[in-house]
Every structure is written in structure tokens, then in C-alpha cells.
Amino acid sequence: MSRIGRRVLTVPEGVTVTINENNVNVKGKLGELSLTVKSGITVKCEDGKVTVERANDSKELKQLHGSTNANINNMLVGVSEGFKKELEINGVGYKFAVAGNTLTINAGYSHPVKLDAPSGIKLESPSITELTVSGFDKQVVGEFAAKVRDVRLPEPYKGKGIKYKDEHIRRKEGKKAA
């Protein structure tokens, strides 16, 4: 059996879990998330503990067992604590500007790139070269942070571009004068 699938999840304080047939709804102080579970996977919530079980050992259910458990865990953490991704931009004239729910990125193009954040996403820019994307849905936070990073991927010679704060860019040496 999957070790991740067998993991017993504890429901944090202030979070409610409701299970209706194939739907799992998690509600907390930051928001509400729901997950549709495939038939053959059963989710039980008793005494503040959530368990995920599978009906048989078919290949498809084995694959979904651990994934379902991990998704429910992400929902529990998201509605109670939330998730965040930190990005930084390197380059002359490169900067972030946050105005409400719109992010404007100057990344060396002839025009600034404007991105609208989806609902549930909070944008903060402590300085013009740093950006924090936070929210309660791990998938949406990661997706938006990846979309921001794709505006100008970091290049290996000078390190210019947008990267995650904890990301290490392998640098190349470049041409040598003969």
C-alpha cells in the first residue's frame, strides 16, 4: 500500500471537513476548497482525523490513493495557513509594480507586461525587485507564480530574468577572449 495514501491527516483547529458521496469540502478561515474523488476511493472523517482508503488494488486506484491523500492535505493546510511563493527579478530596469489585483512587469521588453491575478490570490511587493504571491489554493498560487516566471525566464550567462527566491541558476562561463 501507498505510504502517503495510508497517512492519517489531522484536521486543524477552525477547519471543517464535510464529505458528500464523492465530494470533499474543506472550509477554514482563509477560504473554502472542494475536491471530487474518483469512485473506488473512499474518504472518511472521524474525530478530527481524515483517512483515505481504496476499494481494490487496481493500478488506477493505486495511483489515485496517494494523490487524493496529498490533495486533501494541501486543502487542509491551505484553508488554515495558506501558501506563498516568492519571486525576484534581476536585470537593469527590471521591476515589479502591484496595483490592486494587477501586476505590471518591466522585464526588458518594449512594453510592460500586465497580468491580472485570479481570485483568491494576494500580491505583495516589498521592493521593486521582489514579489510574493500568496493564497489558500496551492495549485492556483503555483500556477500564477509560474506564469509570472515565464514572462522572462532566467538566463545562465548574466542571471537576468525572473526566478524563485530559493532557486539556484547554474551559471555558464561564456566566451573567452583569445
Side-chain angles (χ1 to χ4, degrees), residues 4-5 7-38 41 43 45 48-52 63-91 94-107 109 111-154 160-169:
I4 302 262
R7 176 177 60 176
V8 177
L9 305 172
T10 57
V11 178
E13 199 172 302
V15 175
T16 58
V17 178
T18 55
I19 301 167
N20 299 330
E21 296 176 16
N22 290 348
N23 289 332
V24 178
N25 293 320
V26 179
K27 188 173 186 177
K29 64 179 179 186
L30 297 179
E32 184 175 354
L33 294 170
S34 64
L35 174 71
T36 303
V37 180
K38 186 91 168 168
I41 300 283
V43 180
C45 181
K49 305 280 185 192
V50 177
T51 57
V52 179
Q63 293 169 344
L64 290 172
H65 189 206
S67 296
T68 303
N69 190 307
N71 287 339
I72 293 171
N73 185 45
N74 288 339
M75 290 165 54
L76 292 171
V77 172
V79 297
S80 61
E81 301 169 21
F83 294 100
K84 72 176 183 176
K85 292 270 188 180
E86 295 177 334
L87 298 123
E88 58 183 28
I89 192 166
N90 295 323
Y94 290 16
K95 63 182 177 178
F96 293 121
V98 177
N101 214 21
T102 303
L103 173 66
T104 305
I105 305 169
N106 291 337
Y109 296 117
H111 60 284
V113 178
K114 294 183 186 251
L115 296 174
D116 290 325
S119 63
I121 294 292
K122 184 180 175 193
L123 300 174
E124 294 177 8
S125 186
S127 71
I128 61 172
T129 60
E130 296 175 345
L131 177 71
T132 302
V133 179
S134 58
F136 59 88
D137 191 349
K138 187 174 187 177
Q139 180 180 354
V140 176
V141 170
E143 226 172 85
F144 187 74
K147 189 187 278 189
V148 171
R149 186 178 179 271
D150 282 344
V151 169
R152 175 72 83 179
L153 294 173
K160 292 167 57 171
I162 303 171
K163 69 180 187 85
Y164 296 112
K165 199 159 203 152
D166 58 350
E167 182 180 11
H168 176 72
I169 305 299

Colleague: May I ask you to decide if I162's main-chain N or O and Y94's side chain share a donor-acceptor pair within less than 3.5 Å?
Modeller: no
Colleague: Going through the distances and angles, do K84 and E124 end up as a salt bridge (charged side-chain N to carboxylate O under 4.0 Å, His left out)?
Modeller: CA-CA 10 Å; K84 72 176 183 176; E124 294 177 8; over 6 Å; no
Colleague: Is any side-chain heavy atom of T104 closer than 4.5 Å to one of K114?
Modeller: yes
Colleague: Nearest 0.5 angstrom please: K95 NZ to I89 CD1, how far?
Modeller: 10.5 Å
Colleague: Is it the case that over 12 heavy atoms from other parts of the model lie below 6.0 angstrom from the NZ atom of K163?
Modeller: yes
Colleague: Rounded at 0.5 Å granularity, tell me how far OG1 in T10 sits from NZ in K49.
Modeller: 5.5 Å
Colleague: Please find the pair of heavy atoms, one from V151 and one from A107, that lie closest to each other, and give the distance.
Modeller: CG1-CB, 4.3 Å
Colleague: With a 3.5 Å cut-off and sequence neighbours excluded, list the donor-acceptor pairs that the side chains of residues 66-79 form with protein atoms.
Modeller:
from : atom 1 : to  : atom 2 : distance (Å)
S67  : OG     : Q63 : O      : 3.3
T68  : OG1    : L64 : O      : 2.7
N69  : OD1    : R7  : NE     : 3.3
N69  : OD1    : R7  : NH2    : 3.2
N69  : ND2    : I4  : O      : 3.1
N69  : ND2    : G5  : O      : 3.1
N69  : ND2    : R7  : O      : 2.9
N71  : ND2    : S67 : O      : 3.3
N74  : ND2    : A70 : O      : 3.4

Colleague: Ignoring hydrogens, what is the shortest heavy-atom contact between V17 and C45? Give both atom names and the distance.
Modeller: CB-SG, 4.1 Å
Colleague: What heavy-atom pair brings K160 and G91 nearest, and what distance separates the two atoms?
Modeller: CG-CA, 4.1 Å
Colleague: Taking the side chain as every heavy atom from C-beta outward, state whether P154 and R149 have any atom pair closer than 4.5 Å.
Modeller: yes
Colleague: For the side chain of S125 and the backbone of E130, is there at least one donor-acceptor N/O pair under 3.5 Å apart?
Modeller: yes
Colleague: Look at atom CD of E32 and say whether more than 12 heavy atoms of other residues, nucleotides or ligands are closer to it than 6.0 Å.
Modeller: yes
Colleague: Taking the side chain as everything from C-beta on, heavy atoms only, tell me whether E88 gets closer than 4.5 Å to L131.
Modeller: no
Colleague: Atom CZ of F136 and atom CG of L33: how far apart are they, to the nearest 0.5 Å?
Modeller: 5.5 Å
Colleague: Say you draw a straight line from CG of L35 to CD1 of I19; how long is it, rounded to the nearest 0.5 Å?
Modeller: 10.5 Å
Colleague: So do V133 and L123 actually touch side chain to side chain, heavy atoms under 4.5 Å?
Modeller: yes
Colleague: Who pairs with K29 by side-chain contact (heavy atoms from CB on, under 4.5 Å), at least two apart in sequence or on another chain?
Modeller: none
Colleague: Has N101 got a side-chain atom pairing as donor or acceptor with A117's backbone, closer than 3.5 angstrom?
Modeller: yes
Colleague: Report yes if some heavy atom in the side chain of I121 is under 4.5 Å from a heavy atom in the side chain of V141; otherwise report no.
Modeller: yes
Colleague: Is the closest side-chain heavy-atom distance between L115 and F144 below 4.5 Å?
Modeller: yes
Colleague: If I take atom CG from residue L103 and atom NZ from residue K147, how far apart are they, to the nearest 0.5 angstrom?
Modeller: 11.0 Å
Colleague: Return the CD to OG distance between E86 and S134, rounded to the nearest 0.5 Å.
Modeller: 10.0 Å
